[in-house]
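Accompanying notes for the structure given below.
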Amino acid sequence: MWFYIYKMNEYDHKEIEKKWQKKWAEEELYKTSESSDKPKEYVLDMFPYPSGEGLHVGHPKGYIATDIYSRYKTMRGFNVLHPMGWDAFGLPAENYALKNKVHPRQAVEKNIARYKEQLSIIGFNYDWDREINTTDPAYYKWTQWIFLQLFKHGLAYESNEPINWCPSCKTGLANEDLDNGACERCGSTVEKKRIRQWVLRITDYAERLLNDLDELKEWPEHIKELQRNWIGKSEGAEIDFKIKTQNAKRKTTTQNLKFTVFTTRPDTLFGATYAVLSPEHTILESLEDVIDNWGDVKHYIDESSHKTEIERTAEGKEKTGVELKGVKAINPTNKEEIPIFIADYVLADYGTGAIMAVPAHDERDFQFAKKYELPIRMVICPHYPAPTCPILDEAYTGAGHLVVSGKFDGLSNEEAKQKITEFVGGKMKTTYKLRDWVFSRQRYWGEPIPLIHCEKCGVVPVSEKDLPVVLPEVESYEPTGTGESPLANISEWVNIACPKCGGKGKRETNTMPQWAGSSWYYLAYTLGTKKLKRKTQNYLDDKNIKKLLNFWIPVDMYVGGAEHATRHLIYARFWHKFLYDQGFVSHSEPFRRLKSPGLIAGADGRKMSKRFGNVINPDDVVATYGADTLRLHEMFMGPFEQGAAWSEESIIGPRRFVEKVWRLSKHIGSETDARDESKLHQTIKKVTEDIEQFKFNTAISALMILANEMERKEKISAIHYSQFLILLSPFAPHVAEELWRETLGHKTSIHLEPWPSHDESKIISEGFVITVQMNGKVRDTFTTETELSEDEIKEKALALEKIKKWIDGQSIKKIIYVKNKIVNIVI
RNA sequence: GCCCGGAUGGCGGAAUUGGUAUACGCGCACGACUUAAAAUCGUGUCCCGAAAGGGUUGUGGGUUCGACUCCCACUCCGGGCACCA
């Protein structure tokens with residue numbers, strides 16, 4: 001019998017959590033609707049990539065935070081949208097499918113089912129009516145539609161420039177897909193390869209992507225800084241150098257031969273003692289006949305084309321190069337003939353692919369000049385006037401005044417920049433490190449690019465009414481490795497009449513990169529699954545759809561990993577700005593507030609990975625401790641944006657806390673008193689402020705303190721306990737609901753209760769603890785019940801026995817008083 | 001090399017933004033309950049010291065009546081970029 005009662009009272013997380021998850025779904029607790037006059041709040045998680053591995057305990061950290069935040073916002077009277085979906089196109093899904101010999105679609109379906117199950121047992125409040133899946137044709141027809149708009153506005157172009165090629169994944173990659181010169185997915189060293197590809201003109205938006213960061217006041221500063229560095233703006237000048245051939249008998253027309261350099265230091269132009277072209281520079285072909293050592297030059301070009309990015313940029317690597325014999329460049333300032341080199345330290349795809357070299361004022365040029373014994377001429381002096389310029393043992397890159405620069409001598413180098421540029425007929429120019437977005441992949445598992453190549457008309461977009469261009473179902477989808485997409489072999493799919501002239505046409509067979517679908521998914525949620533699937537003619541250019549978009553957009557709170565700072569978050573901002581320019585959305589930035597959860601590492605401090613065998617599965621934790629405990633633990637581990645190692649040991653703390661809350665329900669039955677009320681209102685204040693700022697660890701700490709207070713009492717008041725449960729409910733939704741409905745007997749869910757607001761007048765002062773310091777060191781404290789005047793406090797402080805002892809005849813220089821806090825006696 | 005973070009007990013961390021450093025939790029020790037254990041509760045727990053007292057927020061210096069907090073220099077750890085002209 002005794003044992004039976006014990007069982008009855010026991011907190012059984014398994015039963016409770018299952019029960020309420022089912023009930024909440026039945027009651028449709030988390031349905032979102034636009035027909036509400038409440039203010040809207042759009043809370044968004046970065047949607048997951050459903051991989052074959054399933055979720056580990058690190059993944060839900062951000063989801064727990066948005067779940068708490070969105071429940072809190074709902075209780076605060078907001079109309080909350082909190083959706084979830086799947087980012088399922090791209091390399092990982094396809095590589096997984098290839099490895100396991102299943103079709104990617106089946107793999108994705110299976111993985112999604114598993115993910116959904118894993119998420120559901122943690123008790124998230126997603127509105128699954130708005131679930132999206134980027135690989136659903138009903139979804140990607142919209143992705144294709146947006147691509148067509150980009151194409152029609154000249155922001156998508158075909159190119160044959162050499163790009164990053166992953167030999168293992170057998171596809172071209174964007175700069176953003178690289179990790180230290182290696183494929184971000186498989187770790188293979190990336191090569192440069194010249195293949196036909198589609199590219200998006202993200203660089204047209206570089207300036208706005210950079211400037212508008214300043215408006216994102218509620219983004220973490222470090223993420224904005226990452227984007228600024230990635231965009232990498234630098235201001236300089238483009239200046240033409242004429243080429244003079246020394247050998248007139250060759251047949252090449254040598255008139256007007258020139259190349260353009262980009263430099264941020266046009267002020268040093270008089271010091272340019274040679275010039276360097278990148279080995280890929282296109283002018284080299286036309287110089288073949290006039291270069292005396294063409295064999296050597298050709299050899300160097302071939303060699304560097306076979307080198308990987310890593311080999312070319314290896315740290316500490318000595319610079320190499322070959323002089324172009326038989327040609328000279330003319331320094332436009334002083335008409336001096338200077339040698340031209342090719343060297344692979346000059347990058348083809350930055351600036352103009354050519355530089356003027358000023359060894360005296362650039363470290364790289366200095367090294368190169370030392371090696372090839374080229375003249376080093378100082379033209380900026382730190383101290384002016386200087387009788388002679390010192391001999392340099394390293395480049396001087398600082399500021400100064402011009403010397404050896406003709407009529408510009410004596411100018412400060414900042415002033416000289418523009419003047420010299422004008423003098424030589426150059427133009428000021430802004431350059432970015434950001435590259436245009438290589439947008440095609442030679443892989444199967446992606447959105448087909450909706451374009452048709454016609455023999456007569458060239459590239460023709462697929463008619464909008466014919467979207468989606470469905471990815472054909474095929475047996476074999478292995479990448480070819482030739483630079484062609486595996487789709488190219490499916491002739492019945494590829495061959496199609498040109499939409500313009502009806503003649504012979506072929507479909508574009510490259511597919512879009514993984515980042516395409518995620519560049520607008522936050523817009524898709526606002527439509528809901530039904531509208532997304534419905535037949536539409538106008539897509540985003542539809543009055544009703546625009547209305548929905550502008551009801552919810554911008555996203556008010558966006559939570560996801562900082563690793564997306566220079567990938568998804570740049571791409572999405574780019575697409576959004578484009579859609580804004582077309583009038584489809586009314587805000588120029590998609591995400592108002594951004595938070596990035598710190599990584600949860602394995603217990604060994606390393607990143608959780610199957611490879612290290614340190615993966616903790618949330619299902620197991622939920623089974624052992626319960627979802628509420630898991631949620632509390634992950635939020636209590638430390639500051640949200642800071643990483644932490646998983647600790648199986650300390651999860652017992654949050655579990656004990658939940659059990660304590662459970663036990664407290666057996667002690668209800670007293671009246672409220674003012675002291676309790678004061679503590680409650682302090683807690684309301686603290687928890688509310690902390691949730692707003694994503695300081696969940698201290699919010700939970702405040703709840704624990706209040707629970708400890710309640711526990712100290714014989715009996716607690718039902719009203720206070722109820723209020724406490726409401727504060728707890730976003731963190732531990734199941735146990736709060738169980739106690740709310742079953743123990744306290746409420747008919748409706750605790751999650752529909754209004755959030756309590758704190759009443760400052762209920763927070764009573766428990767007297768003032770005055771700290772008495774001598775020379776800033778704490779010597780004693782005393783308490784006053786009521787607020788005393790400054791003089792009274794000082795008097796009391798000086799009367800303390802300990803203080804008297806310390807003063808002991810010494811003279812008091814002054815007494816500093818901080819109201820109701822501190823008396824500091826200086827002797 | 002450049003740009004961001006960070007460093008507080010045995011451990012995770014807190015500190016109203018210059019005012020009693022170490023809240024809350026883990027761990028540990030002791031005690032209560034128990035035949036016993038578990039669970040739970042209570043007490044203690046930064047270091048030295050018997051005490052008085054002294055020291056302590058990575059290191060060194062500075063500003064201040066007073067510094068985890070502000071300034072200067074440095075060390076270490078994490079992240080990003082990296083021959084970007």
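Small disclaimer: the values here were computed from a predicted structure and weren't measured. In the text below, chain A, chain B and the rest are named by the order of the sequence lines, each starting its count at 1.
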Kindly say if [X] contacts the phosphate of [N], meaning a side-chain N or O under 4.0 Å from OP1 or OP2.
| X | N | result |
| --- | --- | --- |
| A:Ser647 | B:C26 | no |
| A:Lys777 | B:G55 | yes |
| A:Tyr350 | B:A85 | yes |
| A:Arg656 | B:U40 | yes |

Watson-Crick/G-U partner (both atom distances under 3.5 Å) of [N]:
| N | answer |
| --- | --- |
| B:U56 | none |
| B:G27 | B:U45 |
| B:G5 | B:C77 |
| B:A14 | none |
| B:A36 | none |
| B:G19 | B:C65 |

On a plain distance test, is the side chain of A:Lys814 in donor-acceptor contact with the base of B:C65 below 3.5 Å? no
From [options], pick the nucleotide closest to the side chain of [X]?
| X | options | result |
| --- | --- | --- |
| A:Lys805 | B:A52, B:A85, B:U16 | B:A52 |
| A:Val818 | B:G19, B:G80, B:U40 | B:G19 |
| A:Trp230 | B:A85, B:C81, B:C24 | B:C81 |

Parallel, tilted or perpendicular: ring planes of A:His564 versus A:His568, cut at 30 and 60 degrees: perpendicular
In whole angstroms, how far is the [atom2] atom of [N] from the [atom1] atom of [X]?
| X | N | atom1 | atom2 | result |
| --- | --- | --- | --- | --- |
| A:Phe341 | B:C83 | CZ | C1' | 17 Å |
| A:Met635 | B:A14 | CE | C1' | 18 Å |
| A:Tyr345 | B:C83 | OH | P | 13 Å |
| A:Trp806 | B:A52 | CH2 | P | 12 Å |
| A:Asn824 | B:C65 | CG | P | 10 Å |
| A:Glu649 | B:G25 | CD | P | 16 Å |

If the glycosidic angle is within 90 degrees of 0 it's syn, otherwise anti, so just tell me which one B:G9 is. syn
Base, sugar-phosphate, or nothing for A:Lys433, non-hydrogen atoms under 4.0 angstrom? base
Across the strands shown, which category fits A:Asp365 at heavy-atom distances under 4.0 angstrom: base, sugar-phosphate, nothing? nothing
In a check of side chain to side chain contact (heavy atoms under 4.5 Å, CB included) between A:Glu184 and each of A:Glu563, A:Arg567, A:Glu176, which one passes? A:Arg567
A:Phe241 and side chain to side chain contact (heavy atoms under 4.5 Å, CB included): which single residue from A:Val261, A:Thr260, A:Val424 fits? A:Val261
For the aromatic rings, using the six-membered ring if either is Trp, is the centroid distance between A:His13 and A:Trp662 under 6.0 Å? no
Rounded to whole angstrom, note down the [atom1] distance from [N] over to [M].
| N | M | atom1 | result |
| --- | --- | --- | --- |
| B:U75 | B:G58 | C1' | 8 Å |
| B:C77 | B:U22 | P | 31 Å |
| B:G5 | B:U40 | C1' | 42 Å |
| B:C30 | B:G79 | P | 41 Å |

For A:Ile700 and for A:Lys821, locate the closest nucleotide of RNA chain B by heavy-atom distance; then report the residue assigned to the nucleotide nearer the 5' terminus. A:Lys821
Can you check whether A:Arg265 reaches A:Asn413 side chain to side chain, under 4.5 Å on heavy atoms? yes
For side-chain contact (heavy atoms from CB on, under 4.5 Å), just list the numbers for A:Met710 and A:His667, CA-CA rounded to whole Å, side-chain angles, deciding distance to a tenth of an Å, and then say yes or no. CA-CA 9 Å; A:Met710 289 194 281; A:His667 298 273; over 6 Å; no
